[in-house]
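Hydrogens, waters and symmetry mates are skipped; everything else that's a heavy atom, side chains included, is used. Note that the coordinates shown come from a computational prediction; the quantities given were computed from them, not determined experimentally.
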Amino acid sequence: MDSKPVKRYDLHSHTTASDGQLSPTELVQYAASCGVNVLAITDHDVTDGIAEAVVEAKNHDLEILTGVEISVTWNNVLLHIVGLNFDLDNVSLQQGLANIRDQRDDRAQAIADLLHKAGVPGAMEGAAKFSSGQIISRTHFAQFLLEEGYVKGMQDAFDKYLGTRKKAYVDWQWASLEEALSWIHDAGGQVVIAHPARYGLKARQFRTLIDDYKQLGGKGFEVVSGCHDNNATHNMADYARRYDLYASMGSDYHGPSQSWRSMGKLQPLPKGLKPIWDLWAD
Ligand code: AMP
Ligand code: MN
Ligand code: MN
Ligand code: MN
């Protein structure tokens, strides 16, 4: 019998390099305290947090995987594609991410302009104060709106201003699915469709997305996510089985007051699924 202890994986998390609340060092300490053994840092469109996390991980029984969560527009839907276990120094990947970060600055200004029209001045500077990394995210705008008393909570900020088709929502053309997948594959990594139940896709759209994705070489599907309820997990597991996708799991942890769930509490992968880590098994 193989008596190797089962590793606890968390393949989706955020630090202060994007819109998380914990520094990479703090995140690693927290993950280790939750019993996580393999952690992917997957900040939005930036990989700056990883080097610091790798250093801190040496003090714990914890392995860091490279990761990133790429903003993608597919058929007018904003999708998040997580890249895992790739070469950080890959030039086409890093150029692609740098380009998205430039786009983020333009979008942030457009959000601030809409907020101004909606009676909220100073949002650009206000949101920037909450960002300690290279990107400005809607999370930073939400924090600003909350601090200034325009909203009652983070969810309220998305419901009133920042969510899809709300007052300060800006539709944006991010990277294509093809670009995001080619960058990660070119860098030797694997791709995962992040929190697939969160996009509000109908069954037919799911089929089209998965067909497109597989045609481009996509293999991973985030079945277990901190922001999936049991029903969503069950449905996503069905898709993974039916389309022979590799299942991933991640908390999408953003920090103590911003998370769907804490780390280390994820349910195991449902039965009959191929885990994504089989793709890099020794
Ligand atoms: P962005 O990448 O700038 O479009 O911002 C998206 C981020 O906003 C997500 O990664 C979440 O961290 C956060 N977010 C989205 N929807 C919500 C929500 N309803 N409540 C709190 N945070 C949210
Ligand atoms: Mn986020
Ligand atoms: Mn996401
Ligand atoms: Mn995320």
Count I, L, V, M, F, W, Y as connected when their side-chain heavy atoms are under 4.5 Å apart, and connections chain through other members. Are [X] and [Y] then in the same cluster?
X      : Y      : value
Val77  : Met236 : yes
Leu279 : Val191 : yes
Ile135 : Leu79  : no
Leu201 : Leu78  : yes

task: Show your reasoning for whether side-chain hydrogen bond (donor to acceptor under 3.5 Å, both in side chains) applies to Thr25 and Glu52.
output: CA-CA 6 Å; Thr25 300; Glu52 181 186 317; 2.5 Å; yes

Report yes if the side chains of [X] and [Y] come closer than 4.5 Å at any heavy-atom pair, otherwise no.
X      : Y      : value
Ile70  : Ile100 : yes
Arg138 : Ile111 : yes
Val224 : Pro270 : yes
Met249 : Ser225 : no
Val120 : Tyr161 : yes
Asn37  : Asp61  : yes
Phe86  : Thr47  : yes
Leu216 : Ser182 : no

Looking at [Y], is its backbone amide N or carbonyl O close enough to the side chain of [X] to form a donor-acceptor pair, meaning the two atoms are under 3.5 Å apart?
X      : Y      : answer
Arg8   : Cys34  : yes
Asp45  : Ser71  : yes
Ser176 : Glu179 : yes
His60  : Lys58  : no
Tyr199 : His80  : yes
Gln94  : Leu88  : yes
Ser13  : Ala40  : yes
Ser131 : Ala127 : no
Asp43  : Val46  : no

Check your understanding: For atom NZ of Lys214, is the number of surrounding heavy atoms from other residues, nucleotides or ligands below 6.0 Å larger than 12?
Key ->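 Yes, NZ of Lys214 has more than 12 neighbouring heavy atoms, counting only those of other groups under 6.0 Å.
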
Mark yes when over 12 heavy atoms from residues, nucleotides or ligands other than Glu148 sit less than 6.0 Å from its CD; otherwise mark no.
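Enclosed.
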
I'd like to know if the side chain of [X] pairs up with that of [Y] as donor and acceptor (distance under 3.5 Å, no hydrogens or angles considered).
X      : Y      : value
Thr15  : Glu26  : no
Thr16  : Gln21  : no
Gln134 : Asp48  : yes
Trp74  : Asp212 : yes
Trp172 : Gln103 : yes

Paired with Tyr253, the side-chain contact (heavy atoms from CB on, under 4.5 Å) test is passed by just one of Leu39, Leu27, Thr42, namely Leu27

Separation between [atom1] of [X] and [atom2] of [Y], rounded to the nearest 0.5 Å:
X      : Y      : atom1 : atom2 : answer
Ile210 : Gln205 : CD1   : CD    : 12.0 Å
Tyr213 : Ile193 : OH    : CD1   : 5.0 Å
Leu93  : His185 : CG    : NE2   : 12.0 Å
Arg101 : His44  : CZ    : NE2   : 13.5 Å
His195 : His12  : NE2   : NE2   : 5.0 Å
Ile136 : Asp106 : CD1   : CG    : 11.0 Å

Q | Verdict with reasoning, Gln267 to Thr233, per side chain to side chain contact (heavy atoms under 4.5 Å, CB included) | A | CA-CA 10 Å; Gln267 62 186 96; Thr233 306; 3.9 Å; yes

field: Test side-chain hydrogen bond (donor to acceptor under 3.5 Å, both in side chains) applied to Gln215 and Asp211, step by step
entry: CA-CA 6 Å; Gln215 213 142 49; Asp211 282 346; over 6 Å; no

Flag this pair as yes if the NZ/CZ of [X] is under 6.0 angstrom from the six-membered ring centre of [Y] and inside a 45 degree cone about the axis; otherwise no.
X      : Y      : value
Arg242 : Tyr239 : yes
Arg104 : Trp174 : yes
Lys274 : Tyr246 : yes

Would you name the heavy atoms of [X] and [Y] that are closest together and state the gap between them?
X      : Y      : answer
Leu62  : Val28  : CD1-O, 4.0 Å
His14  : Ser18  : ND1-OG, 3.4 Å
Gly250 : Leu266 : C-CD1, 3.6 Å
Pro121 : Phe144 : O-CZ, 3.7 Å
Tyr30  : Met263 : OH-N, 3.3 Å
His140 : Phe130 : CD2-O, 3.4 Å

Hits for salt bridge (Lys or Arg N to Asp or Glu O under 4.0 Å) against Asp10, two or more places apart or cross-chain, chain-then-number order -> none

Given Leu114 and Val170, is the side chain to side chain contact (heavy atoms under 4.5 Å, CB included) satisfied, shown in steps?
CA-CA 8 Å; Leu114 286 179; Val170 176; 3.7 Å; yes

Using the test ring pair (Phe, Tyr, Trp, His ring centres under 6.0 Å), find all partners of Tyr9 that sit at least two apart in sequence or belong to another chain.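 Counting only residues at least two positions away or on another chain, Tyr9 forms a ring pair (Phe, Tyr, Trp, His ring centres under 6.0 Å) with Trp277.
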
Original post:
After noting the C-alpha distance and the side-chain angles of Glu222 and Ile276, does the key distance pass the side chain to side chain contact (heavy atoms under 4.5 Å, CB included) rule?
Top reply: CA-CA 9 Å; Glu222 202 173 66; Ile276 185 102; over 6 Å; no

Checklist entry - Yes or no on side chain to side chain contact (heavy atoms under 4.5 Å, CB included) for Val151 and Phe158, after CA distance, side-chain angles and deciding distance? => result CA-CA 9 Å; Val151 293; Phe158 281 84; over 6 Å; no

### Residue pairs fulfilling side-chain hydrogen bond (donor to acceptor under 3.5 Å, both in side chains) with at least one residue in residues 108-123, sequence neighbours excluded
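Qualifying pairs, neighbours excluded: Gln109-Asp113.
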
